[in-house]
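Read the structure below first, then the notes.
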Amino acid sequence: MSMAVIASALATLLHEGVGHSVVAWLRGDVPTELTSNHLSSLRPDRWVDAAGTLVNLMVGAGSLLASRSAGDRANIRYFFWILAALNLLPGAGYFLFSGIIGFGDWFEVIAGLPYQVPLRIGMAVFGAVLYLLIVRLLAVSVRPFVSDRRAYNTVGRLPYYAACLFSCAAGALDPLGLKLLFTSTIPAAFGGSSGLMWADSLLPSAPAERKLIVSGEPAWWIAAVLLGICYILVLGRGIQFAH
């Protein structure tokens, strides 16, 4: 749960802070407000809208590679697995969500372009295929931590619930009000990472070559409490930028 809180905060900071905010600044836009839910800026920009997801996908791919490279260092390997999941799954899910619902960053990316219906269908299909591929990769990577199917309740579903509730706790303080919590935060949190709820169905049937167990370390608990409180109180309420 501690690792999930830390990974969830980092994934959002990467999406909103690095992807949207930094790219907006690099492209000459002026960010006016940054929260755990959104970035407000003075003018629309397709590259800014796309950058949040692209950053999550790049960092998620790197985290999955780092997890596999960690060897027998169970805690580090598991943390990078959670970080990969909370970056890759919402990243892929955004294409599916925007294509079907007609809302969100990638709907803004294609807004005003011709052939809207084929674009949205293609984006939804691409998102669904990518999402399924990512869930499969995550299932293969986490196999050493899952001694049996029941163990996945702790390994995969517990961090999912922890990350979702943490995101909602911050989103409830957003200055745009509770409407954004129900239309954006909750769907993004519970829907975006929902692949963690059924990734065990794609676990390899063969047992893992090694078995790994995460050990309790107070440093993770302390880091999660400190980062979590700061994240909720600061980014949840939002940061205003002078302009």
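FYI, side chains are in, hydrogens and waters are out, and symmetry mates aren't considered; it's all heavy atoms of this structure. We count residues from 1, following the sequence as given. Please read all numbers here as calculations on a predicted model, not as lab measurements.
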Are [X] and [Y] linked, directly or through other ILVMFWY residues, by side chains that come within less than 4.5 angstrom of each other?
X: Leu42; Y: Val22; result: no
X: Leu133; Y: Leu65; result: no
X: Leu180; Y: Phe190; result: no
X: Val55; Y: Ile134; result: no
X: Leu176; Y: Val234; result: no

Closest approach of [X] to [Y] (non-hydrogen atoms, all atoms of both residues):
X: Ala163; Y: Leu86; result: CB-CD1, 3.9 Å
X: Ala172; Y: Leu178; result: O-CD2, 4.1 Å
X: Pro159; Y: Ile82; result: CB-CD1, 4.1 Å
X: Ser167; Y: Ser8; result: OG-OG, 3.3 Å
X: Pro90; Y: Ala85; result: CD-O, 3.6 Å
X: Leu212; Y: Ala74; result: CB-CB, 4.1 Å

Show your working on side chain to side chain contact (heavy atoms under 4.5 Å, CB included) between Tyr152 and Leu196 and close with a plain yes or no.
-> CA-CA 9 Å; Tyr152 187 79; Leu196 287 174; 4.0 Å; yes
For [Y], is there any backbone N or O sitting under 3.5 Å from a side-chain donor or acceptor partner on [X]?
X: Tyr131; Y: Gly192; result: yes
X: Arg136; Y: Leu202; result: yes
X: Ser141; Y: Leu137; result: no
X: Arg77; Y: Ala70; result: no
X: Thr185; Y: Cys168; result: no
X: Gln116; Y: Ile110; result: yes
X: Ser194; Y: Gly191; result: yes
X: Arg120; Y: Ile100; result: yes
X: Tyr161; Y: Met1; result: no

Angle class for the His15/His20 ring planes (parallel below 30°, perpendicular above 60°, tilted otherwise)?
-> perpendicular
Can you find a pair of side-chain heavy atoms, one from [X] and one from [Y], that are under 4.5 Å apart?
X: Leu34; Y: Phe241; value: yes
X: Leu138; Y: Val142; value: no
X: Arg46; Y: Leu113; value: yes
X: Trp47; Y: Leu26; value: no
X: Phe80; Y: Leu83; value: yes
X: Val5; Y: Leu227; value: no
X: Ile232; Y: Phe166; value: yes
X: Ile101; Y: Phe107; value: no

Got a second to check how far [X]'s [atom1] is from [Y]'s [atom2], nearest 0.5 Å?
X: Leu13; Y: Ser21; atom1: CG; atom2: OG; answer: 9.5 Å
X: Ser67; Y: Trp81; atom1: OG; atom2: CH2; answer: 9.0 Å
X: Leu119; Y: Tyr115; atom1: CG; atom2: OH; answer: 10.0 Å
X: Trp221; Y: Met3; atom1: CH2; atom2: CE; answer: 11.0 Å
X: Leu130; Y: Leu89; atom1: CG; atom2: CG; answer: 9.5 Å
X: Glu16; Y: Thr35; atom1: CD; atom2: OG1; answer: 6.5 Å

Establish, from distance only, whether the side-chain atoms of [X] and [Y] form a donor-acceptor pair under 3.5 Å.
X: Asn37; Y: Ser184; value: no
X: Asp105; Y: His38; value: no
X: Thr12; Y: Tyr231; value: yes

If you count the non-hydrogen atoms of other residues, nucleotides and ligands that lie under 6.0 Å from [atom1] in [X], is the total more than 12?
X: Arg43; atom1: CZ; result: yes
X: Met197; atom1: CE; result: yes
X: Trp25; atom1: CH2; result: no
X: Leu158; atom1: CG; result: yes

Salt bridge present between Asp174 and Arg237 (N-O < 4.0 angstrom) = no
Going through the checks in order, is the side chain to side chain contact (heavy atoms under 4.5 Å, CB included) test met by Ile121 and Val117?
-> CA-CA 6 Å; Ile121 292 175; Val117 173; 3.8 Å; yes
Would the Trp220 and Phe79 ring centres measure less than 6.0 Å apart?
-> yes
Between Tyr94 and Trp106, does the ring centre distance come in under 6.0 Å?
-> no
So Asn56 and Leu88, side chain to side chain contact (heavy atoms under 4.5 Å, CB included) or not? Walk me through it.
-> CA-CA 6 Å; Asn56 283 141; Leu88 290 173; over 6 Å; no
CA sep, side-chain torsions, deciding dist, call: Arg149, Leu203, side chain to side chain contact (heavy atoms under 4.5 Å, CB included) = CA-CA 9 Å; Arg149 289 289 293 272; Leu203 285 170; 4.0 Å; yes
Ser40 vs Thr32, side chain to side chain donor-acceptor pair (under 3.5 Å): CA-CA, chis, key distance, verdict | CA-CA 5 Å; Ser40 297; Thr32 58; 4.6 Å; no
